[in-house]
Number of protein chains: 2
Amino acid sequence: MTYGNALHALADPTRRLVMESLRSGPRAVGDIARGMPVSRPAVSQHLKVLKEAGLVTDRAEGTRRVYYIDPNGLAALRAWLDQFWDKALGAFQAETEKSFEKEKPE
Amino acid sequence: MTYGNALHALADPTRRLVMESLRSGPRAVGDIARGMPVSRPAVSQHLKVLKEAGLVTDRAEGTRRVYYIDPNGLAALRAWLDQFWDKALGAFQAETEKSFEKEKPE
DNA sequence: CGTTTCCGTAAGTCATAGCTTACCGTAAGC
DNA sequence: GCTTACGGTAAGCTATGACTTACGGAAACG
């Protein structure tokens, strides 16, 4: 149920901002917080959630912590979405066919 | 920013249960609520959120409302995820290469 | 070593989200 | 037409989550 954590983590707009800022590459916490609408501790808390969801990882670099995107969480989310998509699409197509028959009653 | 709504909607476990129950095909509200851990009004509220996120649609059928999955929301989410995946993966690979060079200092 | 930088955590506040019960409109059934 | 099934909405409660300030610890720097 790791995709559940990923969905929960990505549901927050600020956390998505953090992810976006990491999309271009690894960054330190203070660097991420700079230019964010919230305080640095808030960013730390968000990073913790993202890390637990498997969306980011961190690495110590002297006195600073460098965070970067972890593909695992994204992969889990994508796998769930794809699997969902396949089954749901079939059901939806059957539905549109039904309303299609209404307009072409033959 | 419709993927934001989709993420927010799918972040809730009960709402995911609703989506799962619609995966096999269209169902009426009462039918969905039957076998859910929450009350029927709660399901109605969840359906409203899902509908606003473009994840479900409904159709009147006599006195009952039949809900079924709307591919639009899922498609938006998937598009965002794919686009994110591509850019982030490159950054991550550059990162792993960096730690790889550490182990092979030549 | 003292100091400074960087960051995580604790404590507390405030808004929001999810749930319930109660109520109302609407379409079918007799 | 009255009643019954169905489902959306209102009102209210409670828990959780996102933020803040304040504090503490660890690594570099002089």
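As the structure is a prediction and not an experimental result, all values here were calculated from the model. Only this structure's heavy atoms are used, side chains among them; waters, hydrogens and symmetry mates stay out. To find a chain, count down the sequence lines: A is the first, B the second, and so on, and within it residues start at 1.
Grouping the Ile, Leu, Val, Met, Phe, Trp and Tyr side chains by contacts below 4.5 angstrom, directly or via other members, places A/W80 with A/M19. Residue A/M36 is grouped with residue A/L50 when hydrophobic side chains (ILVMFWY) are merged at heavy-atom distances under 4.5 angstrom, including chains of intermediate members. By the rule that hydrophobic residues join a cluster once side-chain heavy atoms approach within less than 4.5 Å of another member, A/W85 and B/V18 end up as members of one cluster. Under a hydrophobic-cluster definition in which Ile, Leu, Val, Met, Phe, Trp and Tyr are linked whenever side-chain heavy atoms come within less than 4.5 Å, directly or via other members, A/V49 and A/L47 are assigned to different clusters.
With the nearest nucleotide of DNA chain D identified for both B/P41 and A/G62, B/P41 has the one nearer the 5' end. Between A/T63 and B/E61, the residue anchored closer to the 5' end of DNA chain C is A/T63, taking for each the nucleotide with the nearest heavy atom.
Atom P of nucleotide C/dT9 and atom CG of A/L47 are separated by 11 Å, given to the nearest angstrom. To the nearest angstrom, C1' of C/dG8 lies 15 Å from CG of A/L50. Rounded to a whole Å, the CZ atom of B/R27 is 11 Å from the P atom of D/dG7. Computed from coordinates, the A/K48 NZ to D/dA18 P distance equals 13 Å when rounded to whole Å. Taking atom CZ of residue B/R59 and atom C1' of nucleotide D/dG8, one finds them 18 Å apart after rounding to whole Å.
One axis for each end of the helix from C/dC1-D/dG30 to C/dC30-D/dG1, each built from five base pairs, and the angle between them comes to 20° at 10° resolution.
Salt-bridge annotation for A/R78 and B/D82: present, with a side-chain N of the basic residue lying under 4.0 Å from a carboxylate O of the acidic one. The pair A/E20-A/R23 meets the salt-bridge criterion, since a charged nitrogen lies less than 4.0 angstrom from a carboxylate oxygen.
Residue A/S39 has its side chain nearest to D/dT20 when only D/dT9, D/dT20, D/dG8 are considered. With D/dT9, C/dC7, D/dG8 as the choices, the nucleotide that has an atom nearest any side-chain atom of B/R40 turns out to be D/dG8.
The OH atom of A/Y3 lies 10.5 Å from the CG atom of A/N5; values are rounded to the nearest 0.5 Å.
Side-chain to base pairing of B/R65 with D/dG7: no donor and acceptor N or O lie closer than 3.5 Å to each other.
In this structure, the side chain of A/R15 engages the main chain of A/A9 through a donor-acceptor pair within 3.5 Å. Looking at B/R40, its side chain never comes within 3.5 Å of a backbone N or O of B/G30 through a donor-acceptor pair.
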Would you list the protein and nucleotides 15-18 of chain C atom pairs, both N or O, that sit under 3.5 Å from each other?
unit_1, atom_1, unit_2, atom_2, d
C/dG18, OP1, B/R15, NH2, 3.2
C/dG18, OP2, B/R15, NH1, 3.1

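Residue contacts for A/A28: at a heavy-atom cut-off of 4.0 Å it reaches the sugar-phosphate backbone alone, with no base atom in range.
Remark: A/Y67 is in phosphate contact with C/dG8, judged by side-chain N or O atoms under 4.0 Å from OP1 or OP2.
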